[in-house]
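Residue numbering restarts at 1 for every chain, and letters A, B, ... go by the order of the sequence lines. Only this structure's heavy atoms are used, side chains among them; waters, hydrogens and symmetry mates stay out.
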There are 2 protein chains.
Amino acid sequence: MSASTKLSTSVKALCYLAKAYPKPVSSSEIAAAIGINSSKLRMILSMLAKNGIVESNSGTTGGFKLKKQSSEIDLQEIYCAIEDRKAFHLDVRKDSIKKNSLPEKLNFYFLDLFAEVQVDIEDKMKKITLQSIINKINNN
Amino acid sequence: MSASTKLSTSVKALCYLAKAYPKPVSSSEIAAAIGINSSKLRMILSMLAKNGIVESNSGTTGGFKLKKQSSEIDLQEIYCAIEDRKAFHLDVRKDSIKKNSLPEKLNFYFLDLFAEVQVDIEDKMKKITLQSIINKINNN
DNA sequence: TTTATTTGTTACACTTACTGCAACAATTAA
DNA sequence: TTAATTGTTGCAGTAAGTGTAACAAATAAA
């Protein structure tokens, strides 16, 4: 599952939880609603739980619910919760090049450039809250 | 080979060609210099040739050379030449969702958002010329 | 205590994609 | 005719992704 797919899946689940709040919802109910396997969804939700975005409880009356207000949850923190690698990670070839060679210098150049792009994207995502997405969707 | 690796490989090769200009250079010479298999490099260079960035010639005195001034070549056109998919393509899950459902609306939302991000990145890359990279590298 | 439900995690078979390299026809100049 | 080079295809080996099942641990209800 690609990072971008995981991100959109997460937002789908979180929107569902926002609507159901404060009632807890099971992974299988959400999974059926958004069209994904419940095991896979639980993997994502457990990461969101570890990062304090949702709350999870086992047992008969258990399930998931939002732990923060939807206006306090932004895309960047969702992304960081579900992905170890830096946002929209880009890589360069590291091996088979000599020290201080032009190829090596270019590797550093691109690492810097990609890091910059990454920061731009993260800044953009920080400005987008779950609530703003819900509002936008409802007005269409 | 990831898109970002292809991009940095391309720039390494183009820098090498800029330095050698106007002498044509064989793929195996470039490949040895930047640490990549010559077959693979030829695949990349042939795409750059199809897009008018380099010139290629078969035969004994053949090889590759730049077809445009390095100040006239920008990262975005290099990227487009080597990659069919849109720059830094991001995808969303399309199947198993109902028409006009919230998940479907969110898919459209993310397609738009990712397209926006893509435009931002492309704009940034358009401003970076091969010559500006060479200048930067030489001053380090 | 027992039962039912749910999370969190692991495992696994299956498929797909990637990788590095070799090979070779086509082209071209010597 | 020969040698060098591009452009492209193929291929074996490896890695990564996918979808699903399974099950222990936790928890509440019966």
Value in whole Å for how far the P atom of C:dA22 lies from CG of B:N37: 7 Å
Side chains of B:E29 and B:Y16: donor-acceptor distance under 3.5 Å anywhere? yes
Report the distance from atom NZ of B:K65 to atom P of D:dT6, rounded to the nearest whole Å. 14 Å
Answer with yes or no whether the side chains of A:N107 and B:K12 bring together a donor and an acceptor at under 3.5 Å. yes
Check this one for me: any side-chain N or O of B:K50 less than 4.0 Å away from OP1 or OP2 of D:dT6? no
Nearest whole angstrom, please: distance from the P of C:dA23 to the CZ of B:R42. 13 Å
Taking only the side-chain heavy atoms of A:K40 (C-beta and beyond), determine which of D:dT20, C:dG8, D:dG7 contains the nearest atom. D:dT20
Under 4.0 Å, counting only non-hydrogen atoms across every strand here, what does A:S28 touch: a base, just sugar-phosphate, or nothing? nothing
Taking D:dT20, C:dT9, D:dG7 as options, the one with an atom nearest any side-chain atom of B:F64 is D:dG7
A:M47 has an atom CE; how far is it from atom P of C:dG8, in whole Å? 11 Å
Protein N or O to nucleotides 9-15 of chain D N or O, pairs below 3.5 Å:
none

Partners meeting side-chain contact (heavy atoms from CB on, under 4.5 Å) with A:A20 (sequence neighbours left out): A:V25
List in numerical order all residues of residues 54-61 of chain A for which some heavy atom is under 4.0 Å away from an atom belonging to DNA chain D. A:S58, A:G59, A:T60, A:T61
